[in-house]
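Here the structure comes first, spelled out in C-alpha cells, and everything after it is commentary.
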Number of protein chains: 2
Amino acid sequence: MRFETSTIKDIAKALGLSTSTVSRALRDRYEISEETKKLVLAYAEKVNYRANPIARSLKERRSYSIGIIVSEIANNFFSQVINGIEAIAYDRGYHVIISQSHESYKQEKLNVEHLASRSIDGLLIALSSETQDIDYLRNLYGKGLPIVFFDRVPEDFETHKVIANNFKGAFDATEHLILSGKRTIAHLTNSENLSITRERLKGYQAALAKYNIGFEPELVKYCQHGGMHSAELEQAVKELLPLNPDGIFISSDRLTTGCIMAMKKTNPGVAHKIAIAGFTNSNLVELFSPSLTSVKQPAFEMGQVATELLISMIEAKRPVTEFETKVLDTELVRMQKPLGNRFL
Amino acid sequence: MRFETSTIKDIAKALGLSTSTVSRALRDRYEISEETKKLVLAYAEKVNYRANPIARSLKERRSYSIGIIVSEIANNFFSQVINGIEAIAYDRGYHVIISQSHESYKQEKLNVEHLASRSIDGLLIALSSETQDIDYLRNLYGKGLPIVFFDRVPEDFETHKVIANNFKGAFDATEHLILSGKRTIAHLTNSENLSITRERLKGYQAALAKYNIGFEPELVKYCQHGGMHSAELEQAVKELLPLNPDGIFISSDRLTTGCIMAMKKTNPGVAHKIAIAGFTNSNLVELFSPSLTSVKQPAFEMGQVATELLISMIEAKRPVTEFETKVLDTELVRMQKPLGNRFL
DNA sequence: CACGTTTTCGGGAACGTTTGCACACTTTTT
DNA sequence: AAAAAGTGTGCAAACGTTCCCGAAAACGTG
C-alpha cells in the first residue's frame, strides 16, 4: 500500500522513545518495562498501527507466505484441499499464494520458480500429470526451501508427504463394482507418471485378484493430460466401449465427470448400462445421471495436515531429517438407488 | 526465501562496480553504457540473479500483488473468474492473493483488512451476501487503495465495476420457462443485499410482465446466506413447493445446485416435474438430473476485464476520476431434450 | 586552450523493521 | 564500600533495493 500509514518511527517520535524500544514493546520482549509496553501498545492501538510486513520480511528474510501448486482450482478436490490449507495457514499467520499448473510441466516449473523468487517460505505441491523431472524442485529444496507434497507425490524425494489411501480407495470401489455383479471392469486413469495412478491401479488389480477376475491390460486407459482436453477423454471412451465393459472404475475427479460426459456424448444409451465408480470430491454427485459410486478423499483434512507439516519444517530451528508420509482414508459413497425413472 | 542467493551487491563487488550502476544496468537505464550493461547482464545471467521482490517492494512502496475476495473458491463461477484474473495479473507481473468470505461480512472485512496490511496494490472484490456496510472499503479506498468490484457490486461507490447483464440473463431464463408453457414460476434468490439479487429480480418481473403473468411476491424466496447452509435451502424449498409452481428460476450458482439437491431430498417426485432455469457456471450441467436450463456468466472474461481495470488504476499516474461499469452478456444454455428415460 | 556539455558512474540516503551491543541506573552480593 | 548483577533504554547496522545528487572523464566548440 503506497498510502500513508503510521510506522514504528512515528510512534517513537510521538512518545519520545527510540524505535528499538517501540519495536521491542510491540513484540512484547522481556527487556521492556510493563509501563512502557502499555504506553506503546495503547498508542499503537490508537493510531491503528500495523507493522509493515514487507519491511519485516526483508529484515527477517522470510515472507510469511506459502506457495501452493495445484493443477487447477476449478476442481472440487483441489479447492477443498486449498480450503484446508488456508484454514491452518491463516491461523498461523501465513498467507497463501495459489498457482495453477493446468497439468503442464512447463507451467508448473515456471510457477514454482516464480513463487520461489517471490520469497515464499515453503511450498505445497501436487505434481502435474506431465511432470517426470523434478530436479528443479530438488534444486530449490537443496537451497533450503521446505517442500511438502500432497496427493500427487514423487517416490524418490525425501520430505513430508500427505496422500489418500489410494490403494484402499481403488480397491473398495472396484470391489463394490464386483459385488454388484460386474465382471468386465474397465479402468480409466491418469498419466502413468503420477503416484496416484500407480497406487490406484494396484488397488484395482488387487480387487480383481481377490475375486479371481483376470486382469486385462487393454481395459485400462491412460489419459496423459488428466482429462484437461475433452478429445482425450472421448478417444479413451471410444476405445473402451467396444470391449463391452459392464463396469468402469475411474481414477480422478476431473476424469470421472469428464468420462461420464464423454460416454453420454458418444453413446448415451450405454452410459446408463455401465456401472460407474470413481474418485471424485464433487458435492453434486447426487445430481448426476447416470448416478455413480464415488470415492471421496479427505481433501480438507489433507490440506490441513500438509500445511501443518510444512509450517513445522519452516519453523524448525534446525534442518528436519525425519520425514513422514501421512496416509488418509478415503470414503466410499455408494450409488443412490435410482428411484428416478418413474419421474421422467 | 532465507537461503543464499546473489544480490546486486554481490554483482557489484564481483565486477568492481557500484550497486547503483548495477541496479541501473539491470533496469536498462539510459545513463549506463552499452558495454557495462552487457557486462552486468551477462554476469547476472551467469549467477542466475533474481531481484529480491521484497526489497523492491519496500523501496517502491508497492507489492505487485493484488487481493481477491470471493465468497468461496469451490464454486464454478468464482473459480472461473479467478482464472481470468490470474491470466491477466501474471501477465502483467502481479501475483494474486485469494481470500474467501464464505458469505460472512465479518470474515470479509477481516480478510480485506488483512490483505490491506499485507500491502496489496489493489483489491478485486465480490461482496458477501451478508454485507451491507461498506464503509470499511470506502475508508481504504479513501486512503488510496484501488478497488474494483465485480459480480456483486455496491450501488453507491464510485469506482470501476464489472458485472454480467443480470437483468437480461434473468429475463431470458424466465422467458424461456414461460415459452415452455409454465405459468406459475417461482424465484429462488440470494440475499436482498446483493446487487445481483435486485437486478435479476427485475429481469424476472419484466419477463412475467411481458407475458401478462401477475407477479406473486410469495413465489419469491430469499436465502440470506446464499445457500451456504443446506437447511436454509430446504426451508425455502419446503415453503415453495406447496404453492405448486410449474417452473422455477434460480438466481445463483450455489443456489441452483443446492436447490435441486434440496428438491430431490424433500420431494424427489416433484423435482422432475418442475422446469428449472438457473444461473450456474457449472460445466457439469449436462450430467444433472433433473436437467435444467442454465444462464452462464462470462466468468473468465469478467475476471480479465476487472483485472485490467484494476491494474489501470494502480498504474495510473494521477488519481482516476472517470469510472466505468462494464456489463457483460450472459448466455442461455437450453435444457437438453431428456432422452434419458429409455435408458434407466 | 579554456570552457560548457554530455556521458558514465559512484556515494549515500531511504523504505520500515529487528537486534546486537553499549550505556546508565538501580539493586543485590561480597 | 566496592563489585557484581539486573533492568530499561538508545544507537546504529543490517536486510536488498532504488534514485537523487554530485563528480570524473570524454567530448565538442569557440
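None of these values were measured; they are calculated from a predicted model. The sequence lines fix the lettering, A, B, ..., with proteins before strands; numbering per chain opens at 1.
At least one side-chain heavy atom of B/S71 sits less than 4.5 Å from a side-chain heavy atom of B/F78.
Residue A/R27 places at least one side-chain N or O closer than 4.0 Å to OP1 or OP2 of C/dT19. For A/S18 and D/dG10, the shortest distance from a side-chain N or O to OP1 or OP2 is below 4.0 Å. Within the structure, every side-chain polar atom (N or O) of B/K59 is placed at least 4.0 Å from both OP1 and OP2 of C/dG16. Taking side-chain N and O atoms only, B/S23 has no distance below 4.0 Å to OP1 or OP2 of D/dC19. For C/dT18, neither phosphate oxygen OP1 nor OP2 lies less than 4.0 angstrom from any side-chain nitrogen or oxygen of A/T19. Close to D/dC19, at under 4.0 Å from its OP1 or OP2, lies a side-chain N or O of B/R29.
A/I32 has its CD1 atom 13 Å from the P atom of C/dT18, to the nearest Å. B/I11 places its CD1 atom 14 Å from the P atom of C/dG10, with the value rounded to the nearest Å. Residue B/I8 contributes atom CD1, which lies 11 Å from atom P of D/dC19 at whole-angstrom precision. Distance NZ (B/K13) to P (C/dG10): 15 Å, rounded to an integer number of Å. The distance from atom CD1 of B/I54 to atom P of C/dT18 is 14 Å, rounded to the nearest whole Å. When the P atom of C/dG16 is taken as reference, atom CG of A/L26 falls 15 Å away, rounded to whole Å. Atom CG of B/L39 is separated from atom C1' of C/dT8 by 14 Å (rounded to the nearest Å). Between B/E35 atom CD and C/dT8 atom C1' the separation is 11 Å, expressed in whole Å.
Distance from the side chain of B/S20 is smallest to C/dG11 among C/dG11, D/dT18, D/dG8. With D/dA12, C/dC9, D/dC15 as the choices, the nucleotide that has an atom nearest any side-chain atom of A/L58 turns out to be D/dC15. Listed nucleotides: C/dT17, D/dC15, C/dC9. Nearest to the side chain of A/R61: D/dC15. The side chain of B/R56 has D/dT17 as its nearest neighbour among C/dG16, D/dT17, C/dT19. Minimum atom distance to the side chain of B/R24 is reached by C/dG10, of the listed C/dT18, C/dG10, D/dG16. Among the nucleotides C/dC15, D/dT9, C/dC9, the one closest to any side-chain atom of A/K9 is C/dC15. Of the candidates D/dC11, D/dT17, C/dG16, the closest approach to any side-chain atom of B/T7 belongs to D/dT17.
Nearest-nucleotide mapping onto DNA chain D: of B/N52 and A/Y30, the residue sitting toward the 5' end is A/Y30.
The residue B/L17 sits close only to the backbone: its heavy atoms come under 4.0 Å of sugar-phosphate atoms, none of a base. In this structure, B/S57 reaches neither bases nor backbone, as no heavy-atom distance under 4.0 Å exists between it and the strands shown.
How far CG of A/D28 is from CG of A/L41: 7.5 Å, rounded to the nearest 0.5 Å.
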Please tabulate, for side-chain N and O atoms in residues 150-157 of chain A, each donor-acceptor pair with protein atoms closer than 3.5 Å (sequence neighbours left out).
unit_1: A/R152; atom_1: NH1; unit_2: A/E103; atom_2: OE1; d: 3.2
unit_1: A/R152; atom_1: NH1; unit_2: A/L127; atom_2: O; d: 2.6
unit_1: A/R152; atom_1: NH2; unit_2: A/E103; atom_2: OE2; d: 3.0
unit_1: A/E155; atom_1: OE2; unit_2: A/R198; atom_2: NE; d: 3.2
unit_1: A/E155; atom_1: OE2; unit_2: A/R198; atom_2: NH2; d: 3.1

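Residues B/R27 and B/E60 are paired through a salt bridge, judged by an N-O separation under 4.0 Å between the basic side chain and the carboxylate. The pair B/D10-B/K13 does not count as a salt bridge, with every side-chain nitrogen at least 4.0 angstrom from each carboxylate oxygen.
With sequence neighbours left out, the side-chain hydrogen bond (donor to acceptor under 3.5 Å, both in side chains) criterion links A/Q100 to B/N83, B/E86.
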